[in-house]
Amino acid sequence: MSKKFYVTTPLYYVNAKAHIGHAYTTVIADCAARFARLLGRDVFFLTGTDEHGEKIKKSAQDSGKTTIEFIDGVVEEFKKLWSKLNISYDHFIRTTDKQHCETVKLAIKKIYDKGDIYKEKYQGLYCLPCEAFWTKEQVKDTEGLCPDCGRALELIEEENYFFKLSKYQSWLLEHLSKNPDFIKPKSRFNEIKSFLEKNTLQDLCISRPAKRLTWGIEFPEDVDFIVYVWFDALLNYISAPGYSVNDMQFNNIWPADIHFMAKDIIRHHAVFWPIMLKALELEVPKTVFAHGWWKFDNQKMSKSLGNVVDPFDVIEQVGVDALRFFLLREIPVGLDGNFSWQAIFTRYNSDLANDFGNLVYRTLNMSEKYFDGIVTGADVPIPENFAQVLSSMKDKYIECFTACEFSVGIESVYTFISVLNKYIEDSKPWTMSKEGRTDELNNFLYAICEGIRICTVCLWPVMPQTCESVMHQLGIPADFSVNDIDWGIVKDYKIQKEQPLFPRIDVN
RNA sequence: CGCGGGGUAGAGCAGCCAGGUAGCUCGUCAGGCUCAUAACCUGAAGGUCGCAGGUUCAACUCCUGUCCCCGCAACCA
């Protein structure tokens with residue numbers, strides 16, 4: 001029986017269209033999902049959209065549409081992008097899905113009955129337009145104005161429901177100490193750990209009065225309140241696999257193996273979410289993985305600066321797989337990266353067009369030119385300089401991809417690609433051809449084809465479309481398994497060369 | 001003295017945890033090759049590893065101090 005693998009992206013808030021950051025998280029998750037499939041694991045890959053909250057209602061009004069019309073439009077755009085990027089999700093959840101709403105109500109009721117949710121009056125500084133409470137600490141530097149929009153705050157008093165985070169603080173700390181891989185990368189683990197050690201958790205306000213917030217899930221048995229969006233959204237991770245609806249499926253899938261998200265929402269996933277699960281008496285996810293942010297030309301991307309990168313633009317320029325490759329190769333997951341057109345063109349030309357694309361093209365070209373595309377390898381032994389490189393590459397690749405260190409993992413594949421290019425140079429196949437050393441030439445080409453095939457299998461989670469095309473051009477089935485990362489798996493190649501995979505882009 | 005991350009060739013990074021010829025990618029320069037997408041291969045130039053002390057036979061690597069940059073600082077999804 002194959003081991004299951006449950007991977008998620010956050011649910012994207014649909015008050016605006018997708019930008020490069022959304023694409024990044026999703027591509028990371030897709031790469032992890034595809035790698036897990038490569039290992040033969042039974043994958044459930046979840047993504048979706050977070051659709052509640054007054055902000056969305058307002059965005060809809062601004063655009064002159066009804067709320068649901070507006071949301072449907074944005075969701076359509078997200079799905080279009082994922083389809084374009086070859087995102088292989090198994091399920092797309094929307095927080096407006098009926099089943100999800102039912103699950104949220106049920107979960108709240110369960111926690112309430114247990115005594116971990118209570119109702120209380122409190123007062124605080126509130127910004128009406130932003131619909132947010134601010135602490136005195138937060139407005140210290142803004143002279144009492146809203147840190148977000150700069151407008152005046154009001155001191156208001158109201159009643160709300162609270163979730164007892166504080167009750168589980170010591171449990172969570174203990175969980176961290178027993179599970180060093182619970183939060184990754186390590187720097188985030190330390191950040192959350194010291195946060196938990198040095199602060200007392202305040203109970204989380206999980207409702208909004210219905211008179212103020214209408215677009216959301218009603219509180220069970222109290223229609224005067226709406227569930228706060230975060231509490232609603234996080235529960236998607238259990239509602240999608242069927243919590244309380246399809247126990248058999250749910251028990252097969254839960255707990256999540258890995259939740260991916262950007263670093264700004266690590267606290268919700270590494271503190272609130274596990275405590276919610278604990279209160280529900282469910283297992284917590286195995287790993288919560290926070291990645292960094294992309295800057296543009298070393299500046300923060302923001303709408304006000306007008307420098308937000310649209311993934312569709314990038315795809316237009318360099319293609320889907322080059323974007324996926326760039327996002328995964330350019331920076332180690334976890335650190336911030338810098339997006340610039342120069343950086344992506346450089347990556348494209350040197351890594352994709354020159355090193356990999358050209359390697360494939362020159363090899364296929366020789367195969368057709370010298371043997372009409374028929375290359376056989378019944379008893380061809382592995383060249384001695386390949387054996388060592390292949391085995392260390394394979395180990396490193398699997399180790400890195402398992403740990404979601406895609407950047408270093410891709411680098412290790414490139415050490416092999418580089419060896420292949422060098423091998424062509426050293427073997428001088430054009431001389432073999434001139435001197436009529438046919439068998440030698442065939443064996444040489446077979447070796448290069450095997451090398452390309454192996455690299456292609458490794459790169460499939462990163463660039464699925466391109467790698468499928470390479471397999472097709474090699475005349476072999478586009479099946480991908482970790483077992484294929486070995487010498488001599490394919491015996492015969494029937495080459496059908498197509499256009500270069502990545503035509504060079506002239507930047508000037 | 002709130003917490004954390006970082007300052008290494010023109011650019012971007014690795015190395016530091018387990019001290020001992022400073023490495024990678026891009027760029028630059030020179031050469032080679034021609035199957036190939038002006039691609040590929042070889043070689044060279046270029047760094048007193050933020051600064052100042054200390055430990056040591058020996059420090060980018062450990063310790064102390066100091067300067068600078070960047071996150072986080074609780075409900076912003």
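Residue numbering restarts at 1 for every chain, and letters A, B, ... go by the order of the sequence lines.
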Quiz prompt | Steps toward salt bridge (charged side-chain N to carboxylate O under 4.0 Å, His left out) verdict (A:K79, A:E76) | solution = CA-CA 5 Å; A:K79 283 188 171 172; A:E76 200 56 38; over 6 Å; no
Quiz item: So which nucleotide does B:C72 pair with, by the Watson-Crick or G-U wobble rule with both distances under 3.5 Å?
Solution: B:G2
Quiz item: With a 3.5 Å cut-off and no angle check, do the side chains of A:Q473 and A:S469 form a donor-acceptor pair?
Solution: yes
Practice problem: Using the P atom as the reference point in each nucleotide, state the distance between B:G47 and B:A18 in Å, no decimals. | Solution: 32 Å
Self-check item: Whole angstrom value for the distance that separates C1' of B:G4 from CZ of A:F195
Solution: 14 Å
Quiz item: When the ring planes of A:Y12 and A:W82 are compared, do they come out parallel, tilted or perpendicular, using 30° and 60° as the limits?
Solution: tilted
Quiz item: Just how far, in rounded Å, is C1' of B:A74 from CE of A:M276?
Solution: 16 Å
Exercise. Write down the distance separating the P atoms in B:A39 and B:C29, rounded off to the nearest Å.
Key: 13 Å
Practice problem: Searching all strands shown, indicate the nucleotide that pairs with B:A44 (Watson-Crick or G-U wobble; both distances under 3.5 Å). | Solution: B:U28
Quiz prompt | Heavy atoms of other groups near A:K119 NZ, more than 12 under 6.0 Å | solution = yes
Quiz item: Run the salt bridge (charged side-chain N to carboxylate O under 4.0 Å, His left out) check on A:K121 and A:E157 step by step: do they pass?
Solution: CA-CA 7 Å; A:K121 258 205 177 83; A:E157 182 178 89; 5.2 Å; no
Quiz prompt | Interatomic distance at C1', B:G7 relative to B:C16, whole Å | solution = 14 Å
Quiz item: Looking for any heavy atom pair under 4.0 Å, which part of the strands does A:D355 touch: base, sugar-phosphate only, or nothing?
Solution: sugar-phosphate
Quiz prompt | A:K295 NZ to B:G5 P, straight-line distance once rounded to whole Å | solution = 18 Å
Self-check item: Whole-Å gap separating C1' (B:U25) and CD (A:Q342)
Solution: 13 Å
Quiz prompt | Nearest-neighbour nucleotide for the A:L201 side chain, B:U25, B:A74, B:C76 considered | solution = B:A74
Quiz item: Given that both distances must come in under 3.5 Å, which nucleotide forms a Watson-Crick or G-U wobble pair with B:C35?
Solution: none
Practice problem: Provide, to the nearest angstrom, the distance between the NE2 atom belonging to A:H269 and the C1' atom belonging to B:A74. | Solution: 16 Å
Practice problem: Figure out the CG/C1' separation between A:N338 and B:C69, and round it to whole Å. | Solution: 15 Å
Exercise. Measure up the A:F401 and A:Y397 rings against each other and bin them: parallel (under 30°), tilted (30 to 60°), perpendicular (over 60°).
Key: tilted
Quiz item: Using a cut-off of 4.0 Å on non-hydrogen atoms, how would the nucleic acid contact of A:T200 be classed: base, sugar-phosphate, or nothing?
Solution: base
Self-check item: A:Y348 OH - B:A39 P separation (whole Å)
Solution: 13 Å
Self-check item: Contact check, side chains of A:L235 and A:T103, non-hydrogen atoms, under 4.5 Å
Solution: no
Quiz item: What interatomic distance, in whole Å, is found between C1' of B:A11 and the corresponding atom of B:G4?
Solution: 27 Å
Quiz item: Checking all strands, does A:I206 fall into the base, sugar-phosphate, or nothing category for heavy-atom contacts under 4.0 angstrom?
Solution: nothing
Quiz item: Tell me, for nucleotides 27-38 of chain B in 5' to 3' order, what letter each nucleotide earns: B for a base near a protein heavy atom under 4.0 Å, S for only sugar-phosphate near one, - for neither?
Solution: -----BSSBBB-
Quiz item: Should we count CD of A:Q317 as having more than 12 external heavy atoms under 6.0 Å?
Solution: yes
Practice problem: For B:G19 and B:C49, measure between their C1' atoms and round to the nearest Å. | Solution: 15 Å
Quiz item: In residues 318-331 of chain A, which residues come under 4.0 Å of RNA chain B by heavy atom?
Solution: none
Self-check item: Separation of the C1' atoms in B:U28 and B:A9, to the nearest angstrom
Solution: 12 Å
Quiz item: Taking NZ, NE, NH1 and NH2 as the nitrogens, is one of them in A:E425 or A:R362 under 4.0 Å from a carboxylate oxygen of the other?
Solution: yes
Quiz item: Expressed as a whole number of Å, how far does the C1' atom of B:C41 sit from that of B:G15?
Solution: 27 Å
Quiz prompt | Residue matched to B:C57 through Watson-Crick or wobble contacts both under 3.5 angstrom | solution = B:G20
Exercise. Provide the distance between the two P atoms, one in B:A45 and one in B:G10, to the nearest whole Å.
Key: 15 Å
Quiz item: Any side-chain N or O of A:K422 less than 4.0 Å from the OP1 or OP2 oxygen of B:U42?
Solution: yes
Self-check item: Gap between atoms CG and P, on A:L234 and B:A74 respectively (whole Å)
Solution: 18 Å
Self-check item: Presence of salt bridge, A:K295 and A:D336, under 4.0 angstrom
Solution: no
Exercise. Test the A:R267-A:F195 pair against the cation-pi criterion, namely NZ or CZ under 6.0 angstrom from the six-membered ring centroid and within 45° of the ring axis.
Key: yes
Quiz item: When we call it a touch if two heavy atoms are under 4.0 Å apart, what does A:N236 touch: a base, just sugar-phosphate, or nothing?
Solution: nothing
